[in-house]
Structures are given as C-alpha cells and as structure tokens.
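Only one structure is covered here, and it is reproduced in the block below.
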2 protein chains.
Amino acid sequence: METELNDKQLQIMDKALEVFAEKGFDSASVRDIAQRAEVNVAMISYYFGSKEKLLEAIFRNHTGNMRKKIESIIHSKTHDPLEKVDLLIDTYVTVIIENHSFHQLMMREQVLMKEGPLYTLIKDMKTQNRNLIEVAVKAGQKAGLFQKHIDVNMLAVTLIGTVNHFFSNYKFICQERHTKPGKDSDFDAESTEKLRSHIKVMFKAFLTYGISNKK
Amino acid sequence: METELNDKQLQIMDKALEVFAEKGFDSASVRDIAQRAEVNVAMISYYFGSKEKLLEAIFRNHTGNMRKKIESIIHSKTHDPLEKVDLLIDTYVTVIIENHSFHQLMMREQVLMKEGPLYTLIKDMKTQNRNLIEVAVKAGQKAGLFQKHIDVNMLAVTLIGTVNHFFSNYKFICQERHTKPGKDSDFDAESTEKLRSHIKVMFKAFLTYGISNKK
DNA sequence: AAAAATTAATTAAACGTTTGTTTAATTCAA
DNA sequence: TTGAATTAAACAAACGTTTAATTAATTTTT
C-alpha cells in the first residue's frame, strides 16, 4: 500500500497543501495548484487520478510522518511521569507549528468528514494521541503521583482542543496587536510559550489534585 | 443597520444554515439551498443579494442572539465565584448544543476567515466570551478563593477549545460505539455530562491551586 | 366599494464563468 | 523505438447571478 513518490509528485503535494490550507479544499482549484507547483493541470490527474486522491495522498504522507514522531516519544523512558506529560505537551505544540498548513487543512476538513479513507487516517491518529496520553497518565498513577479519577479521553480532548483553538484564534489575537502570525517571531515565540506553560500548569494542578506534595 | 426579516427570509436562512453546516459554505450550492427551503433559486439573490450576503445575514442573526444570552448571564449575581464558573461552563456547552449547525459552520469557516464583516462579528463574540470569564475569575480572586496566576485569555482558550474539540470529535467517538450523534440520546446526554463535569473539575483544580481548603 | 395603477413576489430560462477531468498530440528519456 | 512525461485544447457539468415575464398583493384613484 506504500507507493513511492517521485520528486514531481512531492512538489505538487507540497504546493497543493499550501493552496488547500489557504483556500480550503473545495475552493482550491486544480489550476491554482498547477500554477503554484509550476506544472500543467493534467499532471494532477496523471499522477494522482483526481483532486480528491491528491488530498488523500497528502493526508497519507503527513499522518504517516506524525505517526513515526509520536511512536518515538512513546518509547522514550528516560523521564518521570510529570516530565513525560510536559514533553507530550511540548511535542504536540511543536508538531502543529511544524506542520502548520496541514494542521489548518485537517482542522477545516475533519468537521465535515464522512466515513472513508481520510476518516480512517484521522481516526487512527486520534487514537494514537489518546493512547500516548494514557501511557503517561497510567505511569503517573502507578507511581502515586497522579490522582485516580482521570478521564483520559477528556484529558486528550482538552490538550488537543486547547492547542487547536489557540492556533485557530491566533490571528484574532495578533490583529489586536496590529501584527500577523509569522511577522513578529518574538511575539510568536512568547505566545506559544504562554500556551505551553499554561497547559503544563493546568495539567499538573489537575493530575496531582488531592495528592500530598511531599518533596 | 438592523433590518427586519420576513418569514420567507427566515425560512431561507434556516434551511441555508442546515445545508452550509452539512456541506460547508463553498460546496453548498444556491440550488441546494433553494430546493431545501422550497423556493426558487432567484429568491436568494432577490432577498439577500448574494450567497455571501446570505451567510452574513445568518451570522448576524446568530451572533446577535448569542450576545443577548451571554449578557443575561453576566448580570446574574446570585452565585458565588465557583458556582459562577460552573454556570459559565454549563451555559457554553448548552449554547453550542442548541446552535449545533451554526457552531459547526462557524468552526469550519473561521479557520480561513479574512478581515471583513464576518471576521468582526466573530471577534466581538470571542471578546465577549473572554470578558465573561474574566469577570468570574476576578471575582473569585477578590474573594480569596482562586489563585492569582491565572491567564484569562488562556483559560478561555481551554474552555472553548475543549468544548469545540469535543463536539468535532464526537462523531469519531460515536463510531466506535456504532452509534451516531443524535441517534442515542442517552449516550449523548451521558457524554455531554462527562464533558461538563470534566471541565468543572479541571477548572476547580486549576483555579484553586495552592489555596488552602478551609471548609 | 370597485377599478385602476403600482409595487412586491415568484418563476423558468438564459448568461457567462469556472470547475475537474479527458483527449490527442508532442516532447523527452532510456 | 518504446514508454513515460508534458502540453494545449476541448469537454460536459455545475456554479452564482441576471433577465424578463408573470402572478400576487397593496395602494391609489375614481
């Protein structure tokens, strides 16, 4: 099922992702994409079959990459439970920043997504995220550091929901400072650091709620 | 600026919202909408000017209604700070459930939203949500019940992000139970209750972090 | 109150674009 | 010389919007 992609295909996928993220899948025309990627329109059908299958190839590529990143974290056992949770938060924020366009596209399209290949890809990614959090939580509970009444599903919803909403809100926040995302990298760094630390503090408070703090 | 809407206009707006929520703004054709609302296609241009302005009318209508609801909560001073936060959480969840289609539409379109009339409407609503939370937090801090280091902006992001993400994830959750949202109202109620209580517990842990619990 | 005149509502059809995709011819590389 | 890559052109379908004609409702005039 894993077909290798040549340079031209990757180039089209790369530019297509940009256009999809900017205009949304429906409004992004194959002519937009072809122009941006500096290829003939027919090349999209030629290589991918259809616009829809191009989207599918992009999704398959990105979700695959993320899977690898996430798996590498699962198997790092060099941290204590709370550090592991912090690392998880940092990683999730970083992954989204590094794949900003794809994240924006996914955010938009998953709302309407019906059952199908993309649906399955996203669901698997979600399941993996959830399991990753579960491992960290269970470890903390076993060590007696975390409280017992933790709904892992809801904790995942809060982590991912908070990060997602932060980034889809960021342009509104920037506008009040007369800046744009990416234009003031100092403010960008400061803001995402606020996001990181807020989630960490909040999760610590929640996870250790009612646990005596004997240092 | 407040023009009154006749029954036919409201009927079109109502059905259009359904179609927009189902297919997304771009993919929802005026012919879809006209058919669903049982009117001629030309009526949409006739009453609203364009498809885009129809969307604008829908947004103006819903954000206006929400504004009124939210304002009524701001001025209710019958609860203590923690109860007020709980009420806030309940209200936000309820409002989204009651305006499910509009929320779905807004979720999807705000990602790509450029400056313009809709942008302003959404930004104002966000600002109002934030201020509502700020009032509750400040009250709790003044009463010595809440800790001092609370970033209200980030707290708002967590509340709204968690709720939003929960609902955009809900169909994935349902699928594992071989159900669909709205089909099993017991499970729906149970799930949203889990959402509510999770946020409440988490917020309580965070807001009262480090505050001695002298009952 | 009836008739006439005026405005509003509604319709089917047509308009010009744009859409995703295909075709058939041509260029390029092995 | 064979097969892949690339192209410009053509394709039918769908899009949002406009037009011009007709019906319904309202107002004005008799």
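These values consider heavy atoms only, across backbone and side chains, with no hydrogens, waters or symmetry-generated copies. As the structure is a computational prediction, the values presented were derived from the model and not from experiment. A note on names: the letters A, B, ... follow the listed sequences, proteins ahead of strands, and every chain is numbered from 1.
Screening B:Phe59, B:Phe102, B:Phe25 against B:Phe20 for a ring pair (Phe, Tyr, Trp, His ring centres under 6.0 Å) leaves a single residue, B:Phe25.
Judged by closest nucleotide on DNA chain D, A:Met43 is the one of B:Phe25 and A:Met43 placed further toward the 5' end.
Each of C:dA12, C:dT22, D:dC15 was ranked by its minimum atom distance to the side chain of B:Ala42; first place goes to C:dA12. The side chain of B:Lys51 has D:dG16 as its nearest neighbour among D:dG16, D:dA5, C:dA9.
OP1 and OP2 of D:dT17 both lie 4.0 Å or more from every side-chain N or O belonging to B:Tyr46. Using a 4.0 Å cut-off, some side-chain N or O of A:Lys8 falls inside it from OP1 or OP2 of D:dT6. Distances shorter than 4.0 Å separate none of the side-chain N or O atoms of A:Asn40 from OP1 or OP2 on D:dA5.
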Using a cutoff of under 3.5 Å, can you pull out all pairs of nitrogen or oxygen atoms linking the protein to nucleotides 24-27 of chain D, with atom names and distances?
none

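Ring geometry for A:His103 versus A:Phe167: interplanar angle over 60°, hence perpendicular rather than tilted (30 to 60°).
Atom CE of B:Met202 sits about 6.5 Å away from atom CG of A:Leu207, to the nearest 0.5 Å. Going from atom CG of A:Asn164 over to atom CG of A:Asn169 covers 11.5 Å, rounded to the nearest 0.5 Å.
At a threshold of 4.0 angstrom between heavy atoms, the contacts of A:Phe48 with the nucleic acid are absent. Using a 4.0 Å heavy-atom criterion, one finds that B:Ser29 contacts the sugar-phosphate atoms exclusively.
For residues 96-105 of chain A, every residue pair satisfying the salt bridge (Lys or Arg N to Asp or Glu O under 4.0 Å) rule, not counting sequence neighbours, is listed here: A:Lys69-A:Glu98. Pairs passing the side chain to side chain donor-acceptor pair (under 3.5 Å) check and including a residue from residues 16-31 of chain A, sequence neighbours excluded, read A:Glu18-A:Arg36, A:Glu22-A:Arg36, A:Lys23-A:Asp32, A:Asp26-B:Ser27, A:Ser27-B:Asp26, A:Ser29-A:Asp32.
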